[in-house]
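Worksheet: one structure, shown below.
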2 protein chains.
Amino acid sequence: MINLFEYNWQVRDEWLNWCETIPEEELFKRRVGGVNSFHFTLFHIIEVEYSWIRAIQEKQDVPINYKDYPSMESLQSLSKDCRLEIASFFVDNPTFDGNKQIQPEWEKTSFSIQDILHHVIVHEVHHIGQLSIWAREIGVEPISASFIDRDMREVSDYLE
Amino acid sequence: MINLFEYNWQVRDEWLNWCETIPEEELFKRRVGGVNSFHFTLFHIIEVEYSWIRAIQEKQDVPINYKDYPSMESLQSLSKDCRLEIASFFVDNPTFDGNKQIQPEWEKTSFSIQDILHHVIVHEVHHIGQLSIWAREIGVEPISASFIDRDMREVSDYLE
């Protein structure tokens with residue numbers, strides 16, 4: 001399952017780099033469907049993953065304020081910082097009790113760790129699919145979503 | 001990992017049912033990005049999953065001709081027929097040698113079974129994300145992509 005995080009992280013980095021080639025006004029423009037804009041979607045992906053993985057670790061939720069990340073550069077840093085903590089957790093815990101129940105602070109019920117990991121994985125893939133439509137709408141080729149044919153970095157590579 | 005197929009199949013069924021509430025011309029209209037239309041995207045998801053899972057079973061590829069599925073009803077049937085074969089395979093093979101290498105007829109290199117399963121999973125989630133944008137563009141609420149809060153059917157339920 002961790003391979004799917006590695007996939008998501010690589011695709012996310014490619015989109016963050018892709019954004020550097022796009023005029024800023026396109027990145028912040030509010031679009032139809034999805035969550036607002038290219039910029040907000042990437043923020044949302046990072047924030048949701050971080051919150052749920054902190055919940056799995058039974059750490060207190062640390063709300064991330066969108067207004068603190070007004071540029072693509074600050075979003076790149078946020079992604080790296082959050083991922084460093086998550087990668088450390090994955091490397092330190094190569095196996096999970098997937099059935100263990102977790103109740104995040106913002107939820108009224110509990111969920112198994114396995115369900116939470118699945119939730120976080122599909123959450124990112126789903127929103128990245130949305131970015132690919134918006135990319136074509138502004139006439140630019142989107143990042144490939146293919147899982148195969150990738151030279152995938154491993155979770156431990158993200159500790160560096 | 002099979003949970004992610006169960007998730008995809010449930011979400012796909014919800015989209016196929018959603019399509020029944022949408023005027024046919026919207027379902028077949030060629031749209032920007034993604035793969036052509038609502039109808040073609042759902043066909044493509046079904047066909048790609050079926051081809052790869054047949055490859056894992058080392059069965060001969062059976063090309064599925066888009067022209068043979070000109071309606072939503074025929075697509076519903078195709079999805080059910082393909083899924084019955086895939087569900088049977090999963091139920092009969094509760095564990096895989098994920099490292100076993102498979103070379104599908106249409107590829108020049110081989111891939112591990114694990115990578116193929118991951119590929120098929122993210123392929124569907126990605127394209128479903130695209131449908132959700134198009135749904136909003138025609139002013140209709142899309143199917144929820146949330147993994148949690150679902151009463152998930154199991155693979156064996158699809159044998160009935």
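Protein chains get the first letters and strands the later ones, always in sequence-line order, with residue 1 at the start of each.
- Proximity of a side-chain donor or acceptor of B:His119 to a complementary backbone N or O of A:Phe147 within less than 3.5 Å is detected.
- In the hydrophobic clustering of ILVMFWY residues, with side-chain heavy atoms under 4.5 Å counting as a link, A:Val32 and B:Val32 come out apart.
- Listed options A:Gln114, A:Gln130, A:Met152 were ranked by heavy-atom pairs under 4.5 angstrom with chain B; first place goes to A:Gln130.
- By the criterion of side-chain heavy atoms lying less than 4.5 angstrom apart, applied directly or through intervening Ile, Leu, Val, Met, Phe, Trp or Tyr residues, B:Ile138 is grouped together with B:Val35 in one hydrophobic cluster.
- Both B:Phe111 and B:Met1 belong to a single network of hydrophobic side chains, linked directly or stepwise wherever heavy atoms of I, L, V, M, F, W or Y lie under 4.5 Å apart.
- Within 6.0 Å of atom CD in A:Gln57, more than 12 heavy atoms from other residues, nucleotides or ligands are found, so the atom counts as buried in its surroundings.
- Other residues, nucleotides and ligands contribute only 12 or fewer heavy atoms inside 6.0 Å of the CD atom of A:Glu141.
- Comparing A:Ser112, A:Ser132, A:Gly34 by heavy-atom pairs within less than 4.5 Å of chain B, the highest count is held by A:Ser132.
- The 12-atom threshold is not exceeded at CD of A:Gln60, counting heavy atoms of other residues, nucleotides or ligands nearer than 6.0 Å.
- Ranking B:Pro142, B:Gly33, B:Ala135 against chain A, the residue ahead of the rest is B:Gly33, based on heavy-atom pairs under 4.5 Å.
- Screening A:Ile148, A:Leu4, A:Ile121 for a side chain to side chain contact (heavy atoms under 4.5 Å, CB included) with B:His118, the sole residue that qualifies is A:Leu4.
- Chain B forms more heavy-atom pairs under 4.5 Å with one residue of A:Val122, A:Thr109, A:Asp149, A:Ile128 than with any other, namely A:Val122.
- Neither the backbone nor the side chain of B:Glu124 comes within contact range of chain A; no heavy atoms are under 4.5 Å apart.
- For the options B:Glu137, B:Arg150, B:Arg136, B:His126, heavy-atom pairs under 4.5 Å to chain A are most numerous at B:His126.
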